[in-house]
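Step one of this worksheet: look at the structure below.
Protein chains get the first letters and strands the later ones, always in sequence-line order, with residue 1 at the start of each. Scope of the values below: all heavy atoms of this structure, side chains included, with no hydrogens, waters or symmetry mates. Bear in mind the structure is a predicted one, so any value in this text is a computation, not a measurement.
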Number of protein chains: 2
Amino acid sequence: MTRPSSRPRDRGIPEATVARLPVYLRALHGLTDRGVPTVSSEELAAAAGVNSAKLRKDLSHLGSYGTRGVGYDVEYLIYQISRELGLTQDWAVAIVGAGNLGRALANYGGFVSRGFRIAALLDVQESLVGAEVAGLRVEHSDQLEAVVRQRRVSIGVIATSAAGAQTVCDRFVSAGVTSILNFAPVVLNVPEGVDVRKVDLSIELQILAFHEQRKAAGALGPDWNVSVEPPPAPPERVGGRIPVDAVDAAEEEGR
Amino acid sequence: MTRPSSRPRDRGIPEATVARLPVYLRALHGLTDRGVPTVSSEELAAAAGVNSAKLRKDLSHLGSYGTRGVGYDVEYLIYQISRELGLTQDWAVAIVGAGNLGRALANYGGFVSRGFRIAALLDVQESLVGAEVAGLRVEHSDQLEAVVRQRRVSIGVIATSAAGAQTVCDRFVSAGVTSILNFAPVVLNVPEGVDVRKVDLSIELQILAFHEQRKAAGALGPDWNVSVEPPPAPPERVGGRIPVDAVDAAEEEGR
DNA sequence: GATTGTGAAGAATTTCACAGCC
DNA sequence: GGCTGTGAAATTCTTCACAATC
């Protein structure tokens, strides 16, 4: 089903582009703060840490908002990107977990700034309930469904331990939340149509470790990391194996 | 230059694969905890939230560690992935910024567990120096270089405000750190050879908002979000533009 | 003269589908 | 019979390079 081109842009923006738009937006805000009215793709690309051809291709997916020979009007581009990202409306966010991480998130200024509003901060732990964090009172997790419905929460943030995360996720989903940002180190199971994004500290560290190791490896010969320890349990093939079927117990899923 | 295949695996593992290995590793740890000795690509893929062909292709880059008709030995695969990621040695990590986020990171259990050790927690703010967090004493940021050298820090974590991040980064780099994990909402400038990974809350939220908006858009007609507000300053093309050269201007400043 | 917007080439990644092995 | 490992196809993403436009 292709539209007859009444509209200059194709609404299907590549995922990779979507992931960079927020970066451009931040760079553009930096430019307005400095009073810069216009910027070339080269300059903006440098500020955003990408290559300029990529920037231009990305922006071209939104429409033709630049001027050849001149560049992009900073304010105008900010508006267009914001609109594309849906930041011209504001989104109510609920954070579950009021530990250090949840509090850090609640206090994070940039969080609230453009388009997002923290509607609730919840925790199971009684001793935290009632505490004030970033101008909000911590509420009990029991209130999750009520809060989501009454305050029109559309994005749920999970800042609990790994153990509690799936339960919180299920409750968000059944209360109607379809966008979840997960900080707990688990893979969440969600039905079709729900978006989950994951932020995982230890994964990032492990990726860095991999590259760091490679750099070190260059200095030594190849094969430098072969059997630094006794090759542990060679694939000993013996007993019958236990199927992993009782995994979720919940009925979910097939392929 | 292709090696004569003395070694089963090519050392050039695709970046996309590297980013998934930690996820597999976590799923595998979950399986050992439940006493599962062997797992098929289908099962492991489900636990990791990816498709099984992708999983097999990823693992094939490390070598041939499965058994046809059977699957993968969980322990053995854990070892192989850990080794590939460089987790058989341990990495000293220094965290700069002892605010809520820095404290959350220091307390994060999974952080310390496999392969990583927090060697220092630093902050500029005098009132925080000396406080105890997760069994560590907060030290003054002045000590950064000394700490990096004395404690062989190889991964630096930046959990400061946006304003301070580049300075901290520069200091890490000049002290010899070549892997940096950045939580501050800025694009860091680093010389060639230094790896930076970025974790950015507001970017993740914006990506979610984009998709959330799309879901809502489906319910309404197309063009639903066109001019929800007066189309702001149409690209008015007037004054000469100011070049973006005075960019760094020495002083910090953020938003 | 400068800079955008974009076809086309190239690279990387994902997925398919099946030969090969246990 | 079941499951891995992998060529080949399909898809997505990046980069090049230049015509179109201001």
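- Atom pair E42(A):CD and dG1(C):P shows a separation of 19 Å (rounding to whole Å applied).
- Phosphate contact (OP1/OP2 of dG5(C), side-chain N/O of S64(A), threshold under 4.0 Å): present.
- Counting to the nearest Å, the P atom of dC3(D) and the CD atom of E43(B) are 8 Å from each other.
- For the 3.5 Å distance criterion, the side chains of S154(A) and E212(B) fail to qualify, holding no donor opposite an acceptor.
- The closest side-chain donor-acceptor pair between R56(B) and S41(B) falls under 3.5 angstrom.
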Atom pairs, N/O to N/O, protein against nucleotides 12-16 of chain C, distance under 3.5 Å?
unit_1	atom_1	unit_2	atom_2	d
dT14(C)	OP1	R20(B)	NH1	3.0
dT14(C)	OP2	R20(B)	NH1	3.1
dT14(C)	OP2	R20(B)	NH2	2.8

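- Between T67(B) and the phosphate of dT4(D), there is no side-chain N or O to OP1/OP2 separation shorter than 4.0 Å.
- The side chain of Y72(A) places no N or O atom within less than 4.0 Å of a non-bridging phosphate oxygen (OP1 or OP2) of dA2(C).
- Nucleotide dT4(D) holds its C1' atom 15 Å from the OH atom of Y76(B), rounded to whole Å.
- Side-chain atoms of R68(A) and base atoms of dT4(C) include a donor and an acceptor less than 3.5 Å apart.
- Distance alone, capped at 3.5 Å, is enough to place a donor-acceptor pair between the S40(B) side chain and the E43(B) backbone.
- H61(A) has its NE2 atom 10 Å from the P atom of dT14(D), to the nearest Å.
- Taking atom CG of L62(B) as the reference point, atom P of dG5(D) lies 10 Å away to the nearest angstrom.
- In terms of phosphate contacts, S41(A) brings no side-chain nitrogen or oxygen within less than 4.0 Å of OP1 or OP2 of dT3(C).
- Rounding to whole angstrom units, CG of residue L77(A) and P of dT4(C) are separated by 11 Å.
- Note that CG of L201(A) is 12.5 Å distant from CZ of R197(B), once rounded to the nearest 0.5 Å.
- Residue Y65(A) has no polar side-chain atom (N or O) positioned under 4.0 Å from OP1 or OP2 of dT3(C).
- A donor-acceptor contact shorter than 3.5 Å links the side chain of T32(B) to the backbone of L28(B).
- Side-chain atoms of S60(A) and D58(A) form no donor-acceptor pair, as typed in the model, at a separation below 3.5 Å.
- Centroid-to-centroid, the aromatic rings of Y76(B) and Y65(B) come within less than 6.0 Å.
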